[in-house]
2 protein chains.
Amino acid sequence: MPTSTVENYLKAILVRSSDEVGVVSTGALAEALGVTPGTITTMVKSMAARGLLEHQPREGVRLTPEGRAHALAVVRKHRLVETFLVQVLQMDWKEVHQEAEALEHAISDRVLLKIDAILGHPAADPHGDPIPSRKSPVLGRGKGVTLASCEPQKQLRVERILDQSAPFLEFIQKSGLMPGARVRVRERDRASGVVRCDLKEGETTLGLPEAAKIEVKVS
Amino acid sequence: MPTSTVENYLKAILVRSSDEVGVVSTGALAEALGVTPGTITTMVKSMAARGLLEHQPREGVRLTPEGRAHALAVVRKHRLVETFLVQVLQMDWKEVHQEAEALEHAISDRVLLKIDAILGHPAADPHGDPIPSRKSPVLGRGKGVTLASCEPQKQLRVERILDQSAPFLEFIQKSGLMPGARVRVRERDRASGVVRCDLKEGETTLGLPEAAKIEVKVS
DNA sequence: ATTTTGTCTTTGACGACTCAAAGAGTTTAT
DNA sequence: ATAAACTCTTTGAGTCGTCAAAGACAAAAT
Ligand SMILES: [Mn+2]
Ligand SMILES: [Mn+2]
Ligand SMILES: [Mn+2]
Ligand SMILES: [Mn+2]
């Protein structure tokens, strides 16, 4: 059984290996996990010895099928727990990511089955992130259009928030841009870097990089 | 923040310091925690240095007020989680102790508040163990009568099961002796060491040491 | 072609937790 | 009173996860 440290490493690698080859640099991991590069090299060697990943020195790291399977299981736990905390325990949307960060390592598969059943096998978590199913080794990653890239004036629906940081989620909540909300881009001004949107409850304005973190779908 | 290892040590000490002075021997802890005596001595020294307990070498260990408060908080978490797993997630009575053993270290106070509220601030867990409240530093310990010590022929109610081991819980469940059940001791034979009880659903027979693990109340 | 810069790895060290085995103290039996 | 038995502590060592600092490599600049 991997420790929770190893599980966090696996998750960080999975979520960053979006490109075709699936290689992640040790530097990116150091950044993501908040440890020094030397620590990453050490851990990565021990994880490679355990068969969880392959390490090309000075190149990067790639999950083995076993490592990938375990990483997906952890992501599944994380997202089901988040959904449970919001829907059953009525917790605040902005808090659940942090809580799930710990619970994902403590919840057994038995408990997870119960949670999944009570929730009715949801497909996405409260941030719109897809919940990997037990059988499909998929992890959809921000391929859709965003408020920064969509056509203006169309009726849209918020699909997914691509930034879990508390201040950003706070803003999303305040302005009513949570997943499921209907929204329309009134204008997008490249020069000033500003996007203006209409919502049911009034309007809201945000910067282009922020708009790019809100995935939408034509509806 | 104590690690989960330290939390388990605190809990083990609390639950074994039932006597007036509240002293627990390092040997008893080694036994309870499944580590060697030398490990206990080492850990106990570091916990004493952190102010969680006092250590009289070759005598034993006693929690400080701070250590005691933290231990009670962990026990509270454990028992509320057990209750939640049974009542909300409908998990099997015999499994929840094991699950709670991990979750008690991963659940935040915020989540605990929600759980406590949803359950309606219960006073006892599924085994009948009292749930310490946030304010009362109490931990009632098997002071009542048991099936081995009560008067025969009286109408009783099962209050508490004093053994969390899976096989024993399995037997309790099978024979219908779970907390809340009505029961009457038909006969107790010191010579053969056997207790015979009548329940709503038939009768059951058990040994004296086992009967002593079932706390009851006249009803 | 060198040098510089940026990234990655190695090395030595540490804290937390654990064990096995040897040592010290205490209690009980002879 | 001495020995035996029991319990507890010490010592030396190992694993895991981490850091700081020094070293190696590769890409980019000159
Ligand atoms: Mn985590
Ligand atoms: Mn999420
Ligand atoms: Mn525990
Ligand atoms: Mn219990």
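In what follows, every chain begins at residue 1, and chains take the letters A, B, ... in the order their sequences are listed. All values derive from a computational prediction rather than experimental measurement.
- Here B/Thr41 lies in heavy-atom contact (under 4.0 Å) with a base.
- At a threshold of 4.0 angstrom between heavy atoms, the contacts of B/Gly38 include nucleobase atoms, whether or not backbone atoms are also involved.
- Residue B/His55 places none of its side-chain N or O atoms closer than 4.0 Å to OP1 or OP2 of D/dC8.
- No more than 12 heavy atoms of other residues, nucleotides or ligands shown are found within 6.0 angstrom of CD on B/Glu31.
- Applying the side chain to side chain donor-acceptor pair (under 3.5 Å) test between A/His127 and each of A/Glu82, A/His97, A/Arg160 identifies A/Glu82 as the sole match.
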Please write out each protein N/O paired with an N/O of nucleotides 24-26 of chain D under 3.5 Å, distance rounded to 0.1 Å.
residue, atom, partner, partner atom, Å
D/dA24, N3, A/Arg58, NH2, 3.1

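- Among the nucleotides D/dC8, C/dT10, D/dT18, the one closest to any side-chain atom of A/Thr5 is D/dT18.
- At the phosphate of C/dA16, neither OP1 nor OP2 sits under 4.0 Å from any side-chain N or O atom of B/Tyr9.
- Here the P atom of nucleotide D/dT18 and the CE atom of A/Met47 are 11 Å apart, to the nearest Å.
- Not one side-chain nitrogen or oxygen of B/Lys45 sits closer than 4.0 Å to the OP1 or OP2 atom of D/dT9.
- The side chain of A/Thr26 contributes an N or O atom lying less than 4.0 Å from OP1 or OP2 of C/dT9.
- By the neighbour-count criterion of 12 heavy atoms within 6.0 Å, atom CD of A/Gln98 is sparsely surrounded, having that number or fewer from other residues, nucleotides or ligands.
- As a whole-Å value, the separation of A/Gln56 CD from C/dT9 C1' is 15 Å.
- Atom CG in B/Leu29 sits roughly 15 Å away from atom P in D/dT7 (whole-Å rounding).
- The CZ atom of A/Arg50 sits 12 Å away from the C1' atom of D/dG17 (whole-angstrom rounding).
- Rounded to whole Å, atom C1' of C/dC8 lies 12 Å from atom CD1 of A/Ile40.
- Rounding to whole angstrom units, CG of residue B/Leu52 and C1' of C/dA16 are separated by 14 Å.
- Comment: B/Asp116 engages B/Arg76 in a salt bridge, judged by a side-chain N to carboxylate O separation of less than 4.0 angstrom.
- Here B/Thr3 lies in heavy-atom contact (under 4.0 Å) with sugar-phosphate atoms only.
- In this structure, B/Arg110 does not pair ionically with A/Asp92, as no charged nitrogen and carboxylate oxygen lie closer than 4.0 Å.
- Spacing between atom CD of B/Glu59 and atom P of C/dA24 amounts to 21 Å, rounded to whole angstrom units.
- Distance alone, capped at 3.5 Å, is enough to place a donor-acceptor pair between the B/Arg62 side chain and the B/Val21 backbone.
- A close approach under 4.0 Å does not occur between any side-chain nitrogen or oxygen of A/Thr42 and OP1 or OP2 of D/dT18.
- Picking from D/dC8, C/dT9, C/dC17 the nucleotide with the shortest atom distance to the side chain of B/Val6 gives C/dC17.
- A straight line from CE of A/Met43 to P of D/dC19 spans 11 Å, rounded to a whole angstrom.
- Under 4.0 Å is where a charged nitrogen must lie from a carboxylate oxygen, and between A/Glu101 and A/Lys11 at least one such pair does.
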Kindly indicate, with the supporting measurements, whether the criterion side-chain contact (heavy atoms from CB on, under 4.5 Å) is fulfilled by A/His70 and A/Leu63.
CA-CA 10 Å; A/His70 200 95; A/Leu63 294 178; over 6 Å; no
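- In terms of phosphate contacts, A/Thr39 brings a side-chain nitrogen or oxygen within less than 4.0 Å of OP1 or OP2 of D/dC19.
- The side chain of A/Thr36 lies closest to D/dA20 when the candidates are C/dC19, D/dG17, D/dA20.
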